[in-house]
2 protein chains.
Amino acid sequence: MPATMEDVARLAGVSTATVSRVLNNPELVSDEACRRVNEAIRQLDYRVNLAARSLRTNQTRTVAVVLPTIADPVINQMVEAIEDVAITAGYTLLLCSTRGDAAREHAYIELLTQRTVADGVLYISPRADPDTVLTLAQGTMPLVLCNYLVENPAVPCLLMDHISSAYQATAHLLGLGHRRIALLNLAAPHYYPARMRLDGYLRAHAEAGVIPDPALRVEIDRPTYANDDWRGAIEALLVQPDRPGAIVAFNDEVALEVYAVCREHGLRIPDDLSVTGCDDILSSRHVDPPLTTVRVPARVQGERAMRLLLKRLTRPHQPVPPRTLIPVELVVRGSTGPPAG
Amino acid sequence: MPATMEDVARLAGVSTATVSRVLNNPELVSDEACRRVNEAIRQLDYRVNLAARSLRTNQTRTVAVVLPTIADPVINQMVEAIEDVAITAGYTLLLCSTRGDAAREHAYIELLTQRTVADGVLYISPRADPDTVLTLAQGTMPLVLCNYLVENPAVPCLLMDHISSAYQATAHLLGLGHRRIALLNLAAPHYYPARMRLDGYLRAHAEAGVIPDPALRVEIDRPTYANDDWRGAIEALLVQPDRPGAIVAFNDEVALEVYAVCREHGLRIPDDLSVTGCDDILSSRHVDPPLTTVRVPARVQGERAMRLLLKRLTRPHQPVPPRTLIPVELVVRGSTGPPAG
DNA sequence: CGCTTTACTGTAATCGATTACAATACCGTT
DNA sequence: AACGGTATTGTAATCGATTACAGTAAAGCG
């Protein structure tokens with residue numbers, strides 16, 4: 001029912017080739033013809049058929065964003081930044097949230113490798129099956145990875161510097177005099193940021209000449225957005241004679257869970273326990289005391305990732321930095337202080 | 001470079017028509033041919049070209065989700081529910097977040113009305129230009145609206161019952177003995193839930209025979225996810241001799257902003273001020289005191305919306321309920337209590 | 001055995017754009 | 001007047017699927 005290019009051509013008294021040129025290379029067309037075509041387009045309310053165009057040009061002007069969840073403040077911001085960049089470049093976003101479900105992740109990858117639904121893929125914080133990531137990375141689909149690392153120079157990886165994040169938080173606590181510092185981390189073996197955090201935690205201890213107690217490293221296998229599991233782990237850690245004097249939490253949401261446990265058990269922050277988070281979500285400023293945390297430039301990461309992908313799309317053979325670390329910054333607020341006694 | 005249907009046909013020794021039938025109507029093909037075709041598909045790692053299919057069938061198997069932001073816990077959950085339903089029906093999601101920017105919203109609508117990029121549109125909580133919504137509603141594009149109302153029986157609207165939400169919160173406060181109850185609302189004239197909330201607030205007062213003070217109705221023009229503006233409005237309300245004894249906040253994030261202002265100015269919750277929120281976000285349970293709020297079934301709304309859209313897509317002419325109210329539930333926690341004195 | 005039915009398969013038109021190539025007109029040069 | 005060059009336009013092939021229609025063979029039936 002909608003008008004086709006042929007209708008426009010007929011009305012304007014030109015060929016479809018000319019109409020197409022008006023749309024894509026107006027400089028090749030005489031002003032007069034251009035005018036008539038545009039007038040016809042207006043009259044008929046014509047729109048290109050993107051399916052036809054895609055078929056012919058092998059381009060979709062769409063990029064897929066694969067992520068574990070959108071219910072995460074950091075990912076939220078990244079996606080919004082990605083969209084901002086995409087939209088100005090004329091691209092549209094396909095949303096693929098895997099929810100940590102391997103089957104779903106697999107299905108999405110299967111869909112995407114068709115290459116007829118998106119021109120490129122932005123893969124954020126993969127958690128499920130590392131093999132699917134590798135499959136994708138070895139395919140022909142332009143790919144940019146965020147917070148994951150594959151050893152393939154054709155695949156740029158953008159990593160939030162979580163080594164530094166844990167390092168800064170731990171060093172801050174050590175500097176305050178703490179010696180028993182717990183690390184609440186994610187155990188998912190292929191979740192890169194978790195490995196990085198452990199690294200930073202250990203490095204800070206090493207530099208300070210302190211030997212960390214392995215009993216104070218708690219790892220949970222579940223991502224934080226399914227955070228019922230955290231409660232028990234936190235209680236086990238805090239309700240024992242030998243409890244730590246400080247906690248480096250995986251992120252702000254986990255840190256807030258620590259707040260809740262403390263309130264229940266009559267522990268005061270920061271007098272009895274210092275706590276640090278990560279991400280600097282909105283409520284970390286609103287809680288009492290305000291949370292000492294690490295601010296991560298999520299928008300920056302999203303923008304860079306999308307720009308990199310665009311570069312790969314327009315110049316597929318130009319080399320790309322295989323690995324980028326994005327610096328983060330500790331924000332000291334009220335939840336950390338010197339140890340009791 | 002990728003294999004086409006013709007390659008598969010050649011390898012399997014059949015025509016492309018048969019290959020297509022194996023893919024779409026296998027019951028029309030002999031077992032033997034089916035086997036050979038599938039084997040060829042496997043060998044060549046063949047995938048359909050979706051652009052070609054779309055062009056021929058006039059279907060994209062994609063639905064667009066237009067929303068003001070994804071950085072909102074309620075919208076988050078809705079989108080995840082929408083995706084769950086979409087994925088099982090074989091649909092993919094196109095993400096269009098307008099960020100309250102009329103130009104962007106317009107651009108997206110323009111893109112979507114092409115009808116060649118998505119089969120249908122799910123429009124969540126429109127805030128910008130009501131005209132663009134109307135344009136879309138009058139077009140031929142199947143559409144489902146969430147938290148907005150247009151008087152067009154062809155467009156189903158799913159409204160979270162924010163009349164009841166404000167009514168329940170206000171009635172709860174009136175029941176505790178409060179008489180001076182402030183309403184922190186959004187002023188955006190076309191943001192439907194804000195109008196509904198005012199309704200519920202007034203209705204509760206009317207039923208209790210209390211005349212609400214118009215000075216206690218604060219309206220901010222900015223959506224909550226750009227919430228720097230709220231601070232000032234809240235302070236103006238609370239730092240005055242005639243301050244209210246209770247506040248019905250637009251949502252939990254605004255309520256938490258109230259918490260922050262109270263902390264600064266030495267007001268205790270709930271002793272000096274009762275506060276209610278809306279949405280029941282994660283941190284509302286973590287703050288001290290835990291926030292009395294209204295739980296909204298975001299997932300339910302998302303699921304229903306998507307199901308409705310799917311119905312419109314498969315049976316375009318079957319009538320659809322033009323308007324659905326989704327019930328909400330007050331959750332009483334520690335932030336509300338009897339007025340001081 | 002002839003005829004209808006059923007089951008399967010192939011031929012070729014079609015969806016709506018893009019673009020290589022050819023054709024034309026017009027200009028200035030010599 | 002003939003020629004080369006530039007600007008503009010049209011013709012028609014092409015992208016890769018779907019599907020109406022026609023054809024063939026085998027089975028069923030009287």
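Throughout, protein chains are lettered first and strands after them, A, B, ... in sequence-line order, and every chain is numbered starting at 1.
Only at 4.0 angstrom or more do the heavy atoms of residues 27-36 of chain B sit from any atom of DNA chain D, so none qualifies.
The separation between A:Met5 atom CE and D:dT11 atom C1' is 16 Å, rounded to whole Å. Distance B:Asn49 CG to C:dA17 C1': 14 Å, rounded to the nearest Å. Rounded to a whole Å, the CG atom of B:Leu44 is 16 Å from the C1' atom of D:dA17. C:dC15 atom C1' lies 15 Å from atom CZ of B:Arg115, rounded to whole Å. If you take CD of A:Gln59 and P of D:dC15, they are 17 Å apart, rounded to a whole angstrom. Rounded to whole Å, the distance from CG on B:Asn58 to P on D:dT19 is 11 Å. Taking atom CG of A:Leu55 as the reference point, atom C1' of C:dT14 lies 12 Å away to the nearest angstrom. Atom CG in A:Asp7 sits roughly 13 Å away from atom C1' in C:dA17 (whole-Å rounding).
Closest of all the heavy-atom pairs between B:Gln318 and B:Arg312 is O-NH1, 4.4 Å. Summarising the geometry of B:Leu158 relative to B:Arg304, their closest heavy-atom pair is CD1-C, 3.8 Å, with the distance given to 0.1 Å.
Each of A:Asn25 and B:Gly13 lies near DNA chain C, and the nucleotide nearest B:Gly13 is the one positioned closer to the 5' end.
At the phosphate of C:dG16, neither OP1 nor OP2 sits under 4.0 Å from any side-chain N or O atom of A:Thr4. Within the 4.0 Å cut-off from OP1 or OP2 of C:dG16, not a single side-chain nitrogen or oxygen of B:Thr116 is found. In this model, the phosphate group of D:dT18 is approached by a side-chain N or O of B:Asn24 to a distance below 4.0 Å at OP1 or OP2.
Residue contacts for A:Thr57: at a heavy-atom cut-off of 4.0 Å it reaches the sugar-phosphate backbone alone, with no base atom in range.
Listed candidates were D:dG10, D:dT19, D:dA17. Nearest to the side chain of B:Ala52 is D:dA17. In this structure, the nucleotide among D:dA17, D:dG10, D:dT18 sitting nearest to the side chain of B:Thr16 is D:dT18. You'll find that the side chain of B:Ala17 is closest to C:dT11, out of C:dT11, D:dT9, D:dA17.
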Stepwise salt bridge (charged side-chain N to carboxylate O under 4.0 Å, His left out) check, A:Glu39 with A:Arg42: CA-CA 5 Å; A:Glu39 172 60 19; A:Arg42 218 187 40 70; 3.1 Å; yes
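The base of D:dG10 is paired with the side chain of A:Arg21 by a donor and an acceptor separated by under 3.5 Å. Taking only distance into account, the side chain of A:Arg56 never meets the base of D:dG16 through a donor-acceptor pair shorter than 3.5 Å.
At least one side-chain heavy atom of B:Val63 sits under 4.5 Å from a side-chain heavy atom of B:Leu93. Within the 4.5 Å cutoff, the side chain of B:Val320 has no heavy atoms near those of the B:Lys311 side chain. The shortest distance between side-chain heavy atoms of A:Arg21 and A:Val37 does not fall below 4.5 Å.
In this structure, B:Arg104 CZ and B:Arg99 CZ are separated by 5.5 Å, a value rounded to the nearest 0.5 Å.
Counted by atom type alone, B:Thr116 and A:Arg47 present zero donor-acceptor pairs between their side chains at under 3.5 Å.
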